[in-house]
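A short worksheet on the structure shown next.
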Amino acid sequence: MMRWLISVALHQRILVLALAVVLVVFGVQAARQMPLDVFPEFAPPLVEIQTEAPGLSTEEVENLITVPLENAVNGTAWLKTLRSKSVLGLSSVVCIFQEGTDLMRARQLVQERVATITPRLPAVARAPVMLSPLSSTSRALKIGISSKKLSQMALSELALWTIRPRLMSVPGVANVAIWGQRDRQLQVLVDPDRLAANGVTLDAVVRAAGDAATVSAGGFVDLPNQRLPVTHVSPLQTPDDLARTVVQFTGGAPLRLGDVAEIVESHPPPIGDAVINDGPGLLLIVEKQPWGNTLDVTRQVEATLTALQPGLHDVDIDPTIFRPATFIERSLHNLSDALILGCVLVAVILIAFLFEWRTAVISLSAIPLSLLAAALVLYLRGGTLNTMVLAGLVIAVGEVVDDAIIDVENIMRRLRLNRVAVHPLSPFRVVLKASLEVRSAVVFASLIVAMVFLPVFFLDGLAGTFFRPLAFSYLLAILASLLVALTLTPAMCLMLLPNAKQRQGDTPLTGVLKQHYRQLLPVIVSRPQWATGFLLAALVSTAIALPRLGESFLPNFKETDFLMHWVEKPGTSLEAMRRITIQVSKELRAIPGVRNFGSHIGRAEVADEVVGPNFTELWISLDTAVDYDSTVAKIQTVVDGYPGLYRDVLTYLRERTKEVLTGASATVVVRLYGPDLAVLRDKAAEVSKTIADVPGIANLKVEPQIVVPQIQIRLKPDVAANFGLTAGHVRRAAATLIKGSKVGEIYREQKIIDVTVWGAERVRHDLAALRQLTIDTPSGARVPLSDVADIDIAPTPNEIKRENSSRRIDVTCNVSGNDLGGVAREIERRVKSLTFAQGYHPEFLGEYTARQASSERLAWLSLASLLGIVVLLHVDFRSLRLVCLVALTLPFALIGGVLGAFLSGGVLSLGSLVGFITVLGIAARNGIMLLSHYRHLEQEEGQVFGAGLAMRGAEERLAPILMTAACAGLALLPLILKGNVPGHEIEYPMAVVILGGLITSTLLNLFLMPSLYCRYGNVTVKN
């Protein structure tokens, strides 16, 4: 098969070259058209159902809405986790499906089940709403809107009816949530005492306002030749129009709404708020669909805002409060620079070694062809060009030239020998024979690299989602380079090398290296016991050092956009949170380098934040020109100045990865399950106290599922019956005066404005006023609410969270420092020592748990992969001794990787583990090439086994080994030298591990392997 492929490529070399040019053209176009993003989509398929139930308490929401919805959707095909959250007036049920589930199909299945339960939900509940599908990094842009002249109601109208519809039309936008929204209403504010003075009942006011604001169809009138529709034009447009509405006739004169109530144009009580740069405003959060591209969505949204600007007079729009596209652009720019610089360094080292333009061109052609072939395949599969894909290509740069180097070097050597031969062969035969000589080693080496990376493809969860694109792009480039080495490289060698002037002897660089190598090698080859002893000592030292390394899951990303969770005690009002937020806004904006500030308090309509008014997120963006670490330290100092509330400082990507892992934005989560909230709260407090003094813990918090005061109205049925009042009558009257009731709507310039009847502020501002609230009776008399109902302050949960149909509460913390593993293990040990009542149990979640699961899975899969490699090696060498010698290169590569991890901070992240996998493949590849050459010298050229064979083979393989190692190392050097900059956070520790492993594995191949082969490699290989 290989003979046929190489032979066809040599015969059809012009066609092969033309196909390579076509591949370059299409590859460049594919790379330019591929969507760009920072990370692959890492969140599992998710469906969220929200149900508004204004006025229901948290427990009522849980019992009447959340639990029925959970029971309805539980058991849906491919459902993995069911989470819910119940707060005052709102239920949220989140269905998380197994990885790989088709999201649209999952949504359809959930919708079918929700439809069956909707008719059985309480009448007070609105229809359940399924939120639009969102990507894992859903926040595409946060837009601050403020004005010095316009009111918040006017801004809300602009945002709701002008800006939002245009933004929703942008491809890829899933939702635009508006925080701080103040919907304009015509409000009829009633005072029961004023109504009584005028002899008007509350029902009459509600009926009159509703009749005035009712929209009804007028029908049509048929004329002999024409049908004319009939429209009832509403007389209502302003508060004065509503005030002229007649309530009833008294003494033959009309009594109007304006005579018995105050008619105003205002807004309902807000469920959330926003602060923009120290002042009031709106915060628009643009959320993108899973298949939306962040850069494209961002640029189109910005273009839409620019197009709208001429019609938004006196409105200040700031679209840079949070702009993740900036981090993506910087990350891709940094990785692209590393890729280009790596290619340049590889070219320089090849030219230095080969010292001849033809061989350099042939070898270097493998780089663009391999990378562009990988990009083309990714494009055809619908992939995105993200940092992980680019990282795979960067790592592959130094290796894609290996196969070409090996082939070119062997062909050059054979052509040189052929010229001085007594009976020289044709160039075609020489090139074919030289290519076939190394085909076995090249193919098996590439297969082993593929085998080494196979475990990464079987990682599940967040780790698999992150690293599979890296492994896939890396393997595509490696396999493409193998195809290039078997087709284009021999073809170009046949076209360019036979007539080239052949150099006698080595290139200057190779000559110098060989001269020094000849002086050192005999000393080492003659003392194999030294090599064996040194190898054992190095392995023992590594085994001792390895447990001393810290552990982490993912690094802190160098984003310039920060969010801070700002959580006060449950029950805190919006006004109090607004005051605190404005204060911290002024302090944060005073820090040099902080460009702007935006925050959202509470929640917005149809948004994915299910929180109370005590919850605030602060967002700031930094100028890229300031010193990153010192500015972040100043931000942390300001945040630490508010010890009375829970607060943290996170980058958005860090927060999102934590949220995807556990549903909580913390590094370590102890999740407690059980039926009784009081017991759960007590147990959570005990867990918090038990782990509070663990060294390294930061931001320890018990999730604030606590009891808060609520006003509880309990009807006295017997007393109410004496007054002729029903429960519904009392409830409707109290609800209208306290909460307000929508009675109709009007239309003004294509905008909908609700008409509501509400109690005047005097009658709903405190508990005493509520007790004196008067209710109309059928007899015309009026009775205080306190006479027909008990009004008390009673405790109620502020929120109730459930997972997989069980109530739960979280104890969360972050980790200061780098040793995530040590802190998490100590927390787990202490919690497991506690006693839990029947029906209650803890679960440990977070980054460490995810890392442990990924590491264990990676270890078992790597073991299976190593067994596969051993089988491949045995198929190639047919000698257990030679297989063992190659296997020795693998742990020696790990020695350098561990040393690199120590030098780069002493922490093993998941990226470092993938780096170890990568360097194993490279080390095995070089070991195979050296032993294959030994075998060739012995079998094909008749070299007698011994020290002479070991030294000759090592000397002849010196240049190829150094070239391949130098190419792989120099390709990674830009990543390492730039350090932990945006885009390099995951790749930097990986590159350090690979470079360290490259150095030690190369030293082993050049110095220890000849000695070990001379001592243990004397085998008879059967053909």
remark   = One should read off an interatomic distance between Leu650 CG and Leu653 CG, to the nearest 0.5 angstrom, of 11.0 Å

task = Classify the side-chain pair Gln185/Asp183 by whether it contains a donor and acceptor separated by less than 3.5 Å.
result = no

note = With sequence neighbours left out, the residues meeting side chain to side chain donor-acceptor pair (under 3.5 Å) with Asp278 are Ser585, Arg589

request  = Go through the structure and list residues passing side chain to side chain donor-acceptor pair (under 3.5 Å) with Glu686, not counting sequence neighbours.
outcome  = Lys683

message = Looking at every non-hydrogen atom in both residues, tell me the closest pair between Leu121 and Ile65 and how far apart they are.
response = CD2-CA, 4.2 Å

message = Between Asn814 (side chain only) and Thr667 (backbone N and O only), is there a donor and an acceptor less than 3.5 Å apart?
response = yes

query = Is there a side-chain contact between Val114 and Leu69, using heavy atoms and a 4.5 Å cut-off?
reply = yes

query = How would you list, by chain and number, every residue that makes a salt bridge (Lys or Arg N to Asp or Glu O under 4.0 Å) with Asp792, sequence neighbours excluded?
reply = none

task = Apply ring pair (Phe, Tyr, Trp, His ring centres under 6.0 Å) to Phe42 and list each qualifying residue two or more places apart in sequence or on a separate chain.
result = Phe466

Any donor-acceptor pair under 3.5 Å from Ser91 side chain to Thr51 backbone = no

query = For the side chain of Lys739 and the backbone of Gly55, is there at least one donor-acceptor N/O pair under 3.5 Å apart?
reply = no

task = Could you tell me how the ring of Phe557 sits relative to the ring of Phe327: parallel (under 30°), tilted (30 to 60°) or perpendicular (over 60°)?
result = perpendicular

request  = Take Thr465 and Val660 through the test side chain to side chain contact (heavy atoms under 4.5 Å, CB included) and record every step on the way to the result.
outcome  = CA-CA 12 Å; Thr465 308; Val660 167; over 6 Å; no

query = Backbone N or O of Gly281 within a donor-acceptor pair of the Ser146 side chain at under 3.5 Å?
reply = no

query = Hey, are Glu559 and Arg654 close enough for a salt bridge, meaning a charged N less than 4.0 Å from a carboxylate O?
reply = no

request  = Applying salt bridge (Lys or Arg N to Asp or Glu O under 4.0 Å), name anything that partners Arg603, two or more places apart in sequence or on another chain.
outcome  = Glu52

message = If you apply the rule side chain to side chain contact (heavy atoms under 4.5 Å, CB included), what do you find for Asn804 with Thr81, and how did you get there?
response = CA-CA 6 Å; Asn804 295 329; Thr81 304; 4.0 Å; yes

note = In Glu609, Glu659, Glu655, the residue satisfying salt bridge (Lys or Arg N to Asp or Glu O under 4.0 Å) with Arg139 is Glu609

message = Minimum heavy-atom separation for Asn74 and Ser805, please, with both atom names.
response = ND2-OG, 3.2 Å

task = Measure the CG-CG distance between Asp561 and Leu622 for me, rounded to the nearest 0.5 Å.
result = 7.5 Å

task = Look up atom CG in Leu284 and atom CD1 in Ile178, then write down how far apart they are to the nearest 0.5 Å.
result = 5.0 Å

query = So, for Leu645 and Arg647, which heavy atoms are closest and what is the spacing to 0.1 Å?
reply = O-CD, 3.2 Å

Pairs flagged by ring-ring contact (aromatic ring centres under 6.0 Å, His included) wherever residues 676-703 is involved - sequence neighbours left out = none

task = Could you list the residues that satisfy salt bridge (Lys or Arg N to Asp or Glu O under 4.0 Å) with Arg83, not counting sequence neighbours?
result = Glu803

ask   = Are Asn277 and Arg595 linked by a side-chain donor-acceptor pair shorter than 3.5 Å?
value = no

ask   = Arg807 side chain to Pro675 main-chain N or O, any donor-acceptor pair under 3.5 Å?
value = yes

task = Return the set of residues passing side chain to side chain donor-acceptor pair (under 3.5 Å) with Glu761 (not counting sequence neighbours), or none when no residue passes.
result = none

key: Listed partners of Asp318 passing salt bridge (Lys or Arg N to Asp or Glu O under 4.0 Å), at least two apart   = none

message = Quick check against the 3.5 Å criterion: does Trp566 have a side-chain atom that pairs as donor or acceptor with the backbone of Phe615?
response = no

Stepwise side chain to side chain contact (heavy atoms under 4.5 Å, CB included) test for Ser621 and Trp619 = CA-CA 7 Å; Ser621 57; Trp619 294 81; over 6 Å; no

key: Residues that Gln710 engages under side chain to side chain contact (heavy atoms under 4.5 Å, CB included), provided they are two or more places apart   = Ser57, Gln712, Thr796

request  = Please confirm whether the backbone N or O of Gly759 pairs with a side-chain atom of Arg764, one donor and one acceptor, at under 3.5 Å?
outcome  = yes

query = So, for Thr58 and Leu88, which heavy atoms are closest and what is the spacing to 0.1 Å?
reply = OG1-N, 3.6 Å

ask   = Considering the options Tyr652, Phe562, Phe597, which one meets the ring pair (Phe, Tyr, Trp, His ring centres under 6.0 Å) requirement together with Phe322?
value = Tyr652

Between Arg182 and Ser156: side-chain donor-acceptor atoms closer than 3.5 Å = no

query = Okay, side chain of Asn798, backbone of Pro704: is any donor-acceptor separation there less than 3.5 Å?
reply = yes

ask   = Between CZ of Arg164 and CG of Leu282, what distance do you get to the nearest 0.5 Å?
value = 13.0 Å

ask   = Would Arg825 and Glu828 count as a salt bridge (Lys or Arg N to Asp or Glu O under 4.0 Å) if you check the C-alpha gap in whole Å, the side-chain angles of each, and the deciding distance to 0.1 Å?
value = CA-CA 5 Å; Arg825 284 191 294 271; Glu828 188 168 340; over 6 Å; no

request  = With salt bridge (Lys or Arg N to Asp or Glu O under 4.0 Å) as the test, would you mind laying out the steps for Lys80 and Glu99 before giving the verdict?
outcome  = CA-CA 9 Å; Lys80 182 180 179 181; Glu99 191 175 339; over 6 Å; no

query = Is the backbone N or O of Glu59 less than 3.5 Å from a side-chain atom of Asn63, with the two atoms forming a donor-acceptor pair by type?
reply = yes

query = Does a side-chain heavy-atom distance below 4.5 Å link Leu82 with Cys95?
reply = yes

request  = Report the distance from atom CD1 of Ile601 to atom CD of Glu575, rounding to the nearest 0.5 Å.
outcome  = 9.0 Å

request  = Any chance you could measure Arg323, atom CZ, to Leu141, atom CG, to the nearest 0.5 Å?
outcome  = 7.5 Å

request  = Please check if the side chain of Glu605 supplies one atom and the backbone of Ala177 the other of a donor-acceptor pair under 3.5 Å.
outcome  = no

request  = With side chain to side chain contact (heavy atoms under 4.5 Å, CB included) as the test, would you mind laying out the steps for Ile145 and Ile276 before giving the verdict?
outcome  = CA-CA 7 Å; Ile145 298 179; Ile276 309 297; over 6 Å; no

Determine all donor-acceptor pairs shorter than 3.5 Å in which one atom belongs to a side chain in residues 833-845; sequence neighbours excluded.
from	atom 1	to	atom 2	distance (Å)
Ser833	OG	Arg830	O	2.5
Tyr840	OH	Asp676	N	3.2
Glu843	OE1	Tyr673	OH	2.8

inquiry  = Set out, in order, the CA-CA distance, both residues' side-chain angles and the distance that settles side chain to side chain donor-acceptor pair (under 3.5 Å) for Asp640 and Gln636, then state yes or no.
reply    = CA-CA 6 Å; Asp640 290 341; Gln636 187 67 59; 3.0 Å; yes

key: Residues in side chain to side chain donor-acceptor pair (under 3.5 Å) contact with Ser136, at least two apart in sequence or another chain   = Glu41

Ser599 versus Thr616, side-chain donor and acceptor atoms under 3.5 Å = no

